Amino acid sequence: MICNNLEKIKFTIRQAATKSKRDPETIKLVAVSKRKPTEAIREANRCGQLLFGENYIQEAREKIQHLNPELQWHFIGHLQSNKAKDAAKFFQLIETVDRIKIAKVLNKFAGQYDKILNVLVQVNIGAEPQKSGIAVEDTEALLQDMKHLPHLRVQGLMTTPPYGHQPEDSRSWFRALKELSVKIAAKELFTDNENVELSMGMSGDYVVAIEEGATIVRVGTAIFGSR
Ligand SMILES: *Cc1c(COP(=O)(O)O)cnc(C)c1O
């Protein structure tokens, strides 16, 4: 079932990319495996999936240590300072940097591990009080501050838009994140302003996200079933 789901989703991603005149190879699929057992991840890996996303450091750490070391991991949950050391050690990309304090802590640990850590800045695009992410109007200043952190590679932006009943409900939020990224790239605040990553779109709305410029989609339920 997992293989079937993955094939269908990869096909749909290619279709959406082609429709939007984008190269399908530029879109990465993160298989979100939170609260799913390692056996489900192994199964996805057997049908070719290498990139996975996890929300909880403790859970992820157990899984990562038991799985194929070739797998790649994105951290997509809310990150606390006391978990930043493990985050910097076990993940290839931290998608949820939303304040300078956590950026500095990650930078410190990346330095200790002698690595350059890839990060995205998480934006609270709908200004929802219960959600993590930096406010749209504060994003530029955060990126400005992060320029001074030599062990971080700031690759782009990530968001989870307000809940909608239809995939189309997400479109204007995705468009807003894209516009924000263009504005920030024009000021050369990303590490590589020609290749900016945009992580947006989940099981319900990843097609719309791709149409609006997503380079990373994070899909859980549609691959692994409901949690
Ligand atoms: C759980 C989660 C996903 C995956 O959501 P699905 O609706 O299961 O595809 C994507 N992004 C984040 C940040 C998540 O927490």
Side-chain angles (χ1 to χ4, degrees), residues 1-13 16 27-38 40-41 43-44 49-61 63-64 71-80 83 87 90-99 102 118-134 139 155-171 173-174 176-178 181 197-227:
M1 205 56 213
I2 289 176
C3 285
N4 258 326
N5 293 343
L6 274 169
E7 283 314 311
K8 260 190 258 168
I9 291 162
K10 284 191 275 188
F11 178 81
T12 310
I13 289 174
I27 297 159
K28 290 179 277 291
L29 170 62
V30 177
V32 176
S33 48
K34 63 169 174 246
R35 292 195 256 128
K36 292 291 171 183
T38 49
I41 299 171
E43 192 176 335
Q49 183 67 24
L50 288 172
L51 178 57
F52 294 88
E54 287 281 341
N55 292 58
Y56 311 101
I57 295 291
Q58 186 61 33
E59 175 187 339
R61 202 191 134 131
K63 290 174 175 173
I64 294 169
L71 300 187
Q72 294 191 13
W73 298 90
H74 286 194
F75 185 72
I76 62 171
H78 179 66
L79 188 55
Q80 282 152 346
K83 302 280 166 64
F90 290 103
F91 289 86
Q92 279 72 45
L93 173 62
I94 311 293
E95 295 203 11
T96 50
V97 172
D98 64 356
R99 54 205 191 278
I102 200 74
N118 298 310
V119 301
L120 302 180
V121 167
Q122 180 182 17
V123 180
N124 186 351
I125 200 75
E128 295 171 279
Q130 79 281 13
K131 261 191 198 166
S132 311
I134 184 131
T139 306
Q155 296 188 316
L157 304 178
M158 175 270 203
T159 202
T160 306
Y163 179 77
H165 292 280
Q166 310 285 338
E168 279 299 324
D169 295 342
S170 301
R171 188 179 296 279
W173 301 113
F174 292 152
L177 191 74
K178 169 78 186 189
S181 78
E197 302 282 356
L198 277 185
S199 175
M200 55 190 197
M202 319 203 299
S203 291
D205 55 13
Y206 68 91
V207 168
V208 174
I210 290 167
E211 290 168 1
E212 296 301 328
T215 65
I216 299 172
V217 291
R218 311 178 308 267
V219 179
T221 311
I223 297 172
F224 296 109
S226 60
R227 290 179 292 271

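What you see is a predicted model, and the numbers here were worked out from it, not measured in a lab. Every number for a ligand or one of its atoms is a count from 1 in the order of the listing.
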Thr221: numbered ligand 1 atoms lying under 4.0 Å from its heavy atoms: 6 (P), 7 (O), 8 (O), 9 (O)
Heavy-atom proximity to atom 7 (O) of ligand 1, best of Gly201, Ser226, Ser203, Gly220: Ser203
Short list, please: which atoms of ligand 1 are under 4.0 Å from a heavy atom of Lys34? 1 (C), 2 (C), 3 (C), 14 (C), 15 (O)
Closest protein heavy atom to atom 10 (C) of ligand 1, given as residue, atom name and distance to 0.1 Å: Met202 SD, 3.1 Å
Val219 heavy atoms within 4.0 Å reach ligand 1 at atoms 9 (O)
Side chains of Ile210 and Val217, heavy atoms from C-beta outward: is any pair under 4.5 Å? yes
Considering only protein heavy atoms, which is closest to atom 11 (N) of ligand 1, and at what distance to one decimal place? Arg218 NE, 2.9 Å
Give the residue, atom name and distance (to 0.1 Å) of the protein heavy atom nearest atom 13 (C) of ligand 1. Ile76 O, 3.6 Å
Show which atoms of ligand 1 fall inside a sub-4.0 Å distance from at least one heavy-atom site of Asn55. 14 (C), 15 (O)
Does this structure show an ion pair linking Glu59 with Arg35, if we count only N-O contacts that are shorter than 4.0 Å? no
pair Met158-Val121: side-chain heavy atoms closer than 4.5 Å: no
Return yes when Glu95 approaches ligand 1 closer than 4.0 angstrom through a heavy atom, no otherwise. no
side-chain contact (heavy atoms from CB on, under 4.5 Å) partners of Glu43, counting only residues at least two apart: Ile2, Arg46
Run the salt bridge (charged side-chain N to carboxylate O under 4.0 Å, His left out) check on Arg61 and Glu54 step by step: do they pass? CA-CA 9 Å; Arg61 202 191 134 131; Glu54 287 281 341; over 6 Å; no
Arg171 and Glu211 ion-paired at < 4.0 Å: yes
Got a list of side-chain donor-acceptor pairs under 3.5 Å for residues 199-207, not counting sequence neighbours?
from: Ser199; atom 1: OG; to: Glu95; atom 2: OE1; distance (Å): 2.6
from: Ser199; atom 1: OG; to: Arg218; atom 2: NH1; distance (Å): 2.9
from: Ser203; atom 1: OG; to: Thr221; atom 2: N; distance (Å): 3.4
from: Ser203; atom 1: OG; to: Ala222; atom 2: N; distance (Å): 3.0
from: Asp205; atom 1: OD1; to: Met202; atom 2: N; distance (Å): 2.8
from: Asp205; atom 1: OD2; to: Ser170; atom 2: OG; distance (Å): 2.7

